[in-house]
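A quick write-up on the structure given underneath.
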Amino acid sequence: MENSNEQTLDVIAVGAHPDDIEIACGGTLAKLAHQGYRVGIIDLTNGEPTPRCENPAIRIAEAQAAAEKLGIAVRKILTLPNRRLMDSFEARVELATEFRRYQPKVVIGFGNKTPMASPDHYQAMLITDAAVFYARLTKWDEYFSGLPVHTISTQLYFQLLYEPPAGEHGTSIVVDVSDTLEQKIESILCYQTQFPPEKRRVLDRVRSTAIALGTVCGFAAGEAFTTVRPLGCSDLVKTVLP
Ligand SMILES: [Zn+2]
């Protein structure tokens, strides 16, 4: 199902930092791009400073290279502050403005706290949840550069590597990424400042997580998502057949 409108996106994945999305669901996004969907990534911050990156411009260039690896149509890096990202009215509006601009059908974002990793991730979840709601609110266009309302059909949560499974009320979905796992790994390797040789064990973890998730569903590799509500359907067979 190809999207012929060059201005809009079918799917937007929202991360806190450039590399979150690659780690969480790079294989799925690459697969969606192969399938003809227009896929976007929005990073709420540029992820800097970090110990090994000399200049934010380097991280941004790495992010664009990673997006190219995955076949991403649009990658936007917002200017909210790394390390002190907070759910605020302004942050919600900034993200919702992008949702109104690109009119995605599906938004994928963080679905839980990530203890022992950046607290920005949980704030990103709160901002994303709110922005999905703000995008569709009427009589408020002045906050969103005059862009019209847009209702996002489906919101999903991804899993990074650190958090407990999300979504007490949702449904787990595992996407078969057997054919895009290497593309995902290559996209993560674009971040040379974040994953120098001594930190490559993260890639082992990415790979083993994908293999473990895939194995449960009979795939060589998988990525997990949770719906924010029970998954509704009218054709049970089509919905449950792989
Ligand atoms: Zn992150």
Side-chain angles (χ1 to χ4, degrees), residues 11-30 39-67 69-70 72 75-88 91-92 94-95 98 107-131 155-167 184-196 198-210 213 223-226:
V11 179
I12 291 181
V14 182
H17 317 110
D19 75 6
D20 290 341
I21 294 301
E22 287 83 352
I23 293 170
C25 59
T28 299
L29 299 190
V39 180
I41 294 175
I42 296 178
D43 310 289
L44 298 175
T45 80
N46 67 14
E48 291 304 312
T50 51
R52 294 175 186 80
C53 185
E54 300 295 324
N55 184 328
I58 297 171
R59 181 81 172 265
I60 291 167
E62 290 173 343
Q64 295 302 353
K69 286 264 184 232
L70 298 176
I72 300 301
R75 180 171 212 147
K76 276 213 168 173
I77 301 174
L78 305 186
T79 55
L80 296 167
N82 180 42
R83 295 182 173 175
R84 50 196 174 89
L85 182 65
M86 292 290 167
D87 177 24
S88 66
R92 295 172 175 189
E94 198 164 333
L95 181 58
E98 300 303 330
V107 165
I108 312 175
F110 278 99
N112 215 328
K113 296 178 179 179
T114 58
M116 305 293 279
S118 171
D120 291 352
H121 297 154
Y122 181 54
Q123 297 299 316
M125 171 187 163
L126 299 176
I127 293 166
T128 307
D129 285 353
Q155 184 187 357
L156 299 172
Y157 292 139
F158 56 62
Q159 289 177 33
L160 204 54
L161 294 172
Y162 314 97
E163 72 272 44
K184 169 184 176 130
I185 300 287
E186 283 171 22
S187 77
I188 297 169
L189 282 170
C190 289
Y191 295 92
Q192 290 179 23
T193 60
Q194 306 304 305
F195 303 105
E198 64 271 25
K199 283 189 76 185
R200 294 281 162 89
R201 67 183 184 282
V202 173
L203 296 175
D204 296 337
R205 191 164 173 188
V206 166
R207 194 181 289 278
S208 55
T209 300
L213 283 168
E223 285 174 345
F225 301 87
T226 312

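Just the heavy atoms: all of them, side chains too, but no hydrogens, waters or symmetry mates, feed the values below. We count ligands from 1, going down the list as the structure has it; atoms in each ligand are counted the same way.
The aromatic ring centres of Phe225 and Tyr157 sit 6.0 Å or more apart.
Of all N/O/S atoms in His17, ND1 sits nearest the Zn ion (ligand 1). When the Zn ion (ligand 1) is compared with the N/O/S atoms of Asp20, atom OD1 turns out nearest.
Salt bridge present: Glu223 and Lys184 bring a charged side-chain N and a carboxylate O closer than 4.0 Å. Taking 4.0 Å as the cut-off between side-chain N and carboxylate O, Arg92 and Asp87 count as a salt-bridged pair.
Residue Asp120 does not count as close to the Zn ion (ligand 1), with no N, O or S atom under 2.8 Å.
The closest side-chain heavy-atom distance from Glu22 to Gln194 is not below 4.5 Å.
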